[in-house]
Peer 1: 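Please find one structure pasted underneath; my questions will follow.
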Amino acid sequence: MQTQFRRATSADIPAMSKIRLDVKENVLSDPSRITLQMYEDYLELSGRGWVAAVDGEVAGFCYAASKDASIWALFISPQYEGRGLAKQLLAMAVKWLFEQGWPQVRLSTGARTRADRFYVAQGWIRERIEGNEVFYLLPLGIWHS
């Protein structure tokens, strides 16, 4: 099995959208909130995106938002979970944001989920919980690539 990590392109958007809708946690309550135009904008205009492709099939993706130094999305297809793809995609996005001069990166995810535990394991600092959402911060000083 061959895994490739690369910048996302417009051609990857249908696969990324399918992955986002197939996840078992952090499910969108209203899938129409995330539009194809948003996926397109985050490729260059509002940030940057990366994909992990396994044997040519997009298995996961991550988007970094350049306007507020946040992780806009990080999702892995359920059949490819547990292979370290998320960790590598996240590292690519965080590195890029720090290279843009940001002193810290932020994100939010569902509280008490596998994603919540994942970010703690990656060294992110839990800032606060609001309802069912937990907010994280990763300062440049504690980040290790």
Peer 1: Kindly determine whether L90 and W124 satisfy side-chain contact (heavy atoms from CB on, under 4.5 Å), including the steps that lead there.
Peer 2: CA-CA 11 Å; L90 182 62; W124 289 69; 3.7 Å; yes

Peer 1: May I ask you to test the F5-L85 pair for a side-chain heavy-atom distance under 4.5 Å?
Peer 2: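 A side-chain contact exists here, since the closest heavy-atom pair is under 4.5 Å.
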
Peer 1: Does any N or O in the side chain of T113 come within less than 3.5 Å of the main-chain N or O of G110, such that one atom is a donor and the other an acceptor?
Peer 2: yes

Peer 1: Mind checking whether F135 and L107 have side chains closer than 4.5 Å, heavy atoms only?
Peer 2: no

Peer 1: I'd like to know if K18 pairs up with D12 as an ion pair, taking the criterion as any Lys NZ or Arg NE/NH1/NH2 lying under 4.0 Å from an Asp or Glu carboxylate oxygen.
Peer 2: no

Peer 1: Would you check, one step at a time, whether the test side-chain contact (heavy atoms from CB on, under 4.5 Å) holds for T109 with V134?
Peer 2: CA-CA 6 Å; T109 193; V134 60; 3.6 Å; yes

Peer 1: Determine, stepwise, if the pair L97 / Q104 fulfils side-chain contact (heavy atoms from CB on, under 4.5 Å).
Peer 2: CA-CA 8 Å; L97 286 167; Q104 57 198 16; over 6 Å; no

Peer 1: Cluster question for you: counting only ILVMFWY and a side-chain heavy-atom cut-off of under 4.5 Å, with indirect links fine, are L140 and V94 together?
Peer 2: yes

Peer 1: Any side-chain heavy-atom pair from L138 and I125 closer than 4.5 angstrom?
Peer 2: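 They are not in side-chain contact.
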
Peer 1: So V58 and Y80, do their side chains get closer than 4.5 Å, heavy atoms only?
Peer 2: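 Answer no - side chains too far apart.
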
Peer 1: Minimum heavy-atom separation for I129 and A111, please, with both atom names.
Peer 2: CG2-CB, 4.5 Å

Peer 1: How would you list, by chain and number, every residue that makes a side chain to side chain contact (heavy atoms under 4.5 Å, CB included) with W50, sequence neighbours excluded?
Peer 2: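 Expected list: R7, R48, A64, L89, M92, A93, W96.
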
Peer 1: Please determine if E130 and R128 form a salt bridge, counting it only when a charged side-chain N lies under 4.0 Å from a carboxylate O.
Peer 2: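 Salt bridge between E130 and R128, a charged N being under 4.0 Å from a carboxylate O: yes.
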
Peer 1: Report yes if the side chains of F61 and L74 come closer than 4.5 Å at any heavy-atom pair, otherwise no.
Peer 2: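 A side-chain contact is absent here, since even the closest heavy-atom pair is not under 4.5 Å.
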
Peer 1: Which distance, rounded to the nearest 0.5 Å, do you find between the OG of S108 and the CD1 of I71?
Peer 2: 11.0 Å

Peer 1: Is any side-chain heavy atom of M16 less than 4.5 Å from a side-chain heavy atom of I19?
Peer 2: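 No - every pair of side-chain heavy atoms lies 4.5 Å or more apart.
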
Peer 1: After noting the C-alpha distance and the side-chain angles of Q79 and E57, does the key distance pass the side-chain contact (heavy atoms from CB on, under 4.5 Å) rule?
Peer 2: CA-CA 12 Å; Q79 72 221 43; E57 177 184 349; 3.6 Å; yes

Peer 1: Does R117 reach the side chain of R112, with side-chain heavy atoms less than 4.5 Å apart?
Peer 2: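 Side chain of R117 against side chain of R112, heavy atoms only: no contact under 4.5 Å found.
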
Peer 1: Fit a plane to each ring of Y119 and Y136, take the angle between them on a 0 to 90° scale, and name the class: parallel (under 30°), tilted (30 to 60°) or perpendicular (over 60°).
Peer 2: tilted

Peer 1: Do V51 and R6 have side chains that approach each other closer than 4.5 Å (heavy atoms only, starting at C-beta)?
Peer 2: yes

Peer 1: Give a yes or no on whether D68 atom CG has more than 12 heavy-atom contacts from other residues, nucleotides or ligands under 6.0 Å away.
Peer 2: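 Correct, the count exceeds 12.
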
Peer 1: Quick check: are there more than 12 heavy atoms from other residues, nucleotides or ligands sitting under 6.0 Å from CD of Q2?
Peer 2: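 Not buried by this count: 12 neighbours or fewer within 6.0 Å.
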
Peer 1: Establish whether V105 and V120 are linked, either directly or via other cluster members, by ILVMFWY side-chain heavy-atom contacts under 4.5 Å.
Peer 2: yes

